[in-house]
**Student:** 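If you scroll down you'll find the structure; I have some questions about it.
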Amino acid sequence: MTASKLTFPIGFEWGVATSAYQIEGGVLEDGRGESIWDHFSHTPGKIHENESGDIACDHYHRLDQDLDLLHNLGVTTYRFSIAWPRIFPAKGKVEERGINFYRRLIDGLHQRGITPTVTIYHWDLPQWLQDEGGWVNRETVDHFVEYARLLFQEFGSLVPRWITHNEPWCTAFLGYGLGVHAPGIKDWGAAARAAHHVLLSHGLVVKEFHRLDLKGEIGITLNLNHVEAASDSDPDRLAADLADEFSNRWFLDSIFKGRYPQLLKEGLFNPHLGNWDFVQSGDLEVISTPIDFLGINYYSRTVVRYKEDEPMHVERLTASLPTTEMGWEIYPHGLYLLLKRVREEYTGELPLFITENGAAFTDEVTENGAKGKSVVDTKRVEFLHDHFDAALRFIREGGPLRGYYVWSLMDNFEWAEGYSKRFGLVYVDYATQERILKNSAKFYQRVISQNGIEAVLEPHA
Ligand code: FCB
């Protein structure tokens with residue numbers, strides 16, 4: 001008996017995603033400047049086993065091979081980011097060799113019939129800008145607009161989909177609040193400023209893109225969480241509201257409603273801020289400039305309850321569902337609930353993309369003699385199947401989901417976790433830089449070629 005098929009709409013876009021610092025390596029090549037991630041990862045004690053992106057997947061030197069890998073997977077679109085310090089290695093200095101690398105990448109995608117999707121900022125701020133305050137300094141906004149304008153001039157006619165920022169939550173709150181990402185600052189006042197400037201730079205770049213009247217579309221990628229209260233009690237529901245403002249609404253409300261939510265202002269930021277004078281008149285109108293699509297990165301859910309002695313009285317419960325290697329609960333239904341909620345409360349008929357979804361598991365390579373090597377990553381196959389299913393449910397209800405980018409094309413440098421977490425469809429042997437298709441890559445090839453999934457996942461898929 002063959003299982004029945006669940007098909008996606010014609011033209012649904014299937015992609016994979018990566019980011020520059022996580023895969024490129026070649027950090028000293030072709031005049032590239034230092035980024036905050038070079039700086040941070042070379043600061044002892046910040047990254048798992050003090051690893052760095054110095055070599056990563058050596059993608060900078062293996063571009064053609066990796067383009068062939070994308071072609072072999074059968075993806076219709078590829079989401080990658082441009083490294084700002086390759087383009088502006090120093091203040092006022094433009095590096096042509098950096099531009100040329102991305103031109104080769106974009107041309108190589110077109111030659112293989114793959115649509116480029118460019119993330120302008122995926123966290124690798126030039127260190128020279130950090131030395132002037134980074135995202136806490138409002139002048140960084142102008143530099144970002146200058147950088148984006150240059151990309152639009154160079155690649156505007158070649159790239160149909162642009163993402164201003166990847167996950168401003170991480171840039172601002174992990175980078176400047178919790179300090180676990182570059183630049184490693186622990187100051188919630190700085191985090192509020194950084195978030196505001198990142199959002200402002202997003203709005204100004206969207207305006208600039210539309211002013212130039214380019215043919216493509218532009219949006220932003222947010223990491224959103226499905227937040228649940230541990231119980232129906234009023235205190236637990238209050239904790240969930242706060243967690244929701246923290247994880248989701250700080251960005252959704254400002255981008256789609258032109259305002260910041262209240263609870264978080266009082267609960268987290270106000271004790272660290274003299275005042276909000278960095279939010280100037282007109283800023284929120286700029287931040288809420290209409291976009292052409294919203295990108296959503298979905299990985300997990302958060303369950304919280306009220307607890308007196310926790311910061312903001314919010315306690316995050318430990319996982320009760322099976323988790324990935326990141327410790328993140330596997331909850332595909334949360335993707336459906338999140339998409340539905342975002343559509344109802346914020347985006348209506350605006351096109352949506354899942355710009356990241358995927359899972360880290362401990363993968364092992366099996367030697368099969370003459371048949372070569374394999375990686376039997378059954379959990380990842382199940383994870384993806386069930387999340388595709390959840391996305392399809394949203395689409396069947398009329399939800400405007402247009403495409404799906406799996407994180408990630410290949411194993412790579414997972415920020416503070418270094419190389420200890422493997423998210424790839426393709427296994428990377430870092431000692432040899434060999435790429436090995438995992439079973440999940442073969443599963444994804446079938447999904448793409450059939451534009452759908454089996455209703456029930458067949459064993460050993
Ligand atoms: C997201 C990041 C991406 C990757 C995944 C696992 O937060 O955008 O670079 O690290 O998580």
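First listed ligand is number 1; within each ligand, the first listed atom is number 1.
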**Student:** Is the ring pair Tyr298/His387 parallel, tilted or perpendicular, if the boundaries are 30 and 60 degrees?
**Tutor:**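 Plane angle between 30° and 60°, so tilted.
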
**Student:** Between Thr117 and Thr77, does any side-chain donor sit less than 3.5 Å from a side-chain acceptor?
**Tutor:**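 Present: a donor and an acceptor within the cut-off.
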
**Student:** Would you call the rings of Phe40 and Trp37 parallel, tilted or perpendicular, where under 30° means parallel and over 60° means perpendicular?
**Tutor:**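 It falls in the perpendicular class, over 60°.
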
**Student:** Tell me the protein heavy atom at minimum distance from atom 5 (C) of ligand 1, and give that distance in Å.
**Tutor:**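 Looking only at protein heavy atoms, the one closest to atom 5 (C) of ligand 1 is Tyr299 OH, 3.3 Å.
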
**Student:** For the pair Asp411 and Lys421, find out whether any cationic side-chain nitrogen is under 4.0 Å from an anionic carboxylate oxygen.
**Tutor:**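 Looking at Asp411 and Lys421, the cut-off is not met.
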
**Student:** Counting non-hydrogen protein atoms only, what is the nearest one to atom 3 (C) of ligand 1? Give residue, atom name and distance.
**Tutor:**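 Answer for atom 3 (C) of ligand 1: Glu356 OE1, 3.4 Å.
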
**Student:** As a check for students: among Gln22, Glu167, Met326, identify the option with a heavy atom nearest to atom 9 (O) of ligand 1.
**Tutor:**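 Looking at heavy atoms only, Gln22 sits closest to atom 9 (O) of ligand 1.
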
**Student:** Which residue in the set His165, His202, His197 passes ring pair (Phe, Tyr, Trp, His ring centres under 6.0 Å) when paired with Phe144?
**Tutor:**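 Filter result, single survivor: His165.
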
**Student:** In the protein, which heavy atom is nearest to atom 10 (O) of ligand 1, and how far is it?
**Tutor:**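 Answer for atom 10 (O) of ligand 1: Glu414 OE1, 2.7 Å.
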
**Student:** Check each atom of ligand 1 against the heavy atoms of Phe423 and keep those under 4.0 Å away; list them by number with element.
**Tutor:**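 So the answer, numbered in order with elements, is 6 (C).
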
**Student:** Does Trp123, backbone or side chain, put an N or O under 3.5 Å from an N or O of ligand 1?
**Tutor:**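 In this structure, Trp123 places no N or O atom under 3.5 Å from an N or O of ligand 1.
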
**Student:** Between Trp415 and Tyr21, how do the two ring planes meet: parallel, tilted or perpendicular, split at 30° and 60°?
**Tutor:**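 The rings of Trp415 and Tyr21 lie parallel, inter-plane angle below 30°.
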
**Student:** Does any N/O atom on Ser19 come nearer than 3.5 Å to any N/O atom on ligand 1?
**Tutor:**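 No.
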
**Student:** Backbone, side chain, both or neither: what part of Asn223 comes under 4.0 angstrom of ligand 1, heavy atoms only?
**Tutor:**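 The answer is neither.
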
**Student:** Counting each atom of ligand 1 from 1 as listed, which ones have a heavy atom of Asn166 under 4.0 Å away?
**Tutor:**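 Heavy-atom distances to Asn166 below 4.0 Å select 8 (O).
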
**Student:** Should Lys421 be listed as contacting ligand 1, given a heavy-atom distance under 4.0 Å as the test?
**Tutor:**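 Lys421 does not count as a contact of ligand 1 under the 4.0 Å cut-off.
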
**Student:** So does Lys257 pair up with Asp253, basic N to acidic O under 4.0 Å?
**Tutor:**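 Salt bridge absent between Lys257 and Asp253.
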
**Student:** What atoms of ligand 1 come within less than 4.0 Å of a heavy atom belonging to Trp415?
**Tutor:**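 By the 4.0 Å cutoff, the relevant atoms are 3 (C), 4 (C), 9 (O), 10 (O).
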
**Student:** Does Glu132 have more than 12 heavy atoms from other residues, nucleotides or ligands lying within 6.0 Å of its CD?
**Tutor:**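 Yes, because the 6.0 Å sphere around CD of Glu132 holds more than 12 heavy atoms from other groups.
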
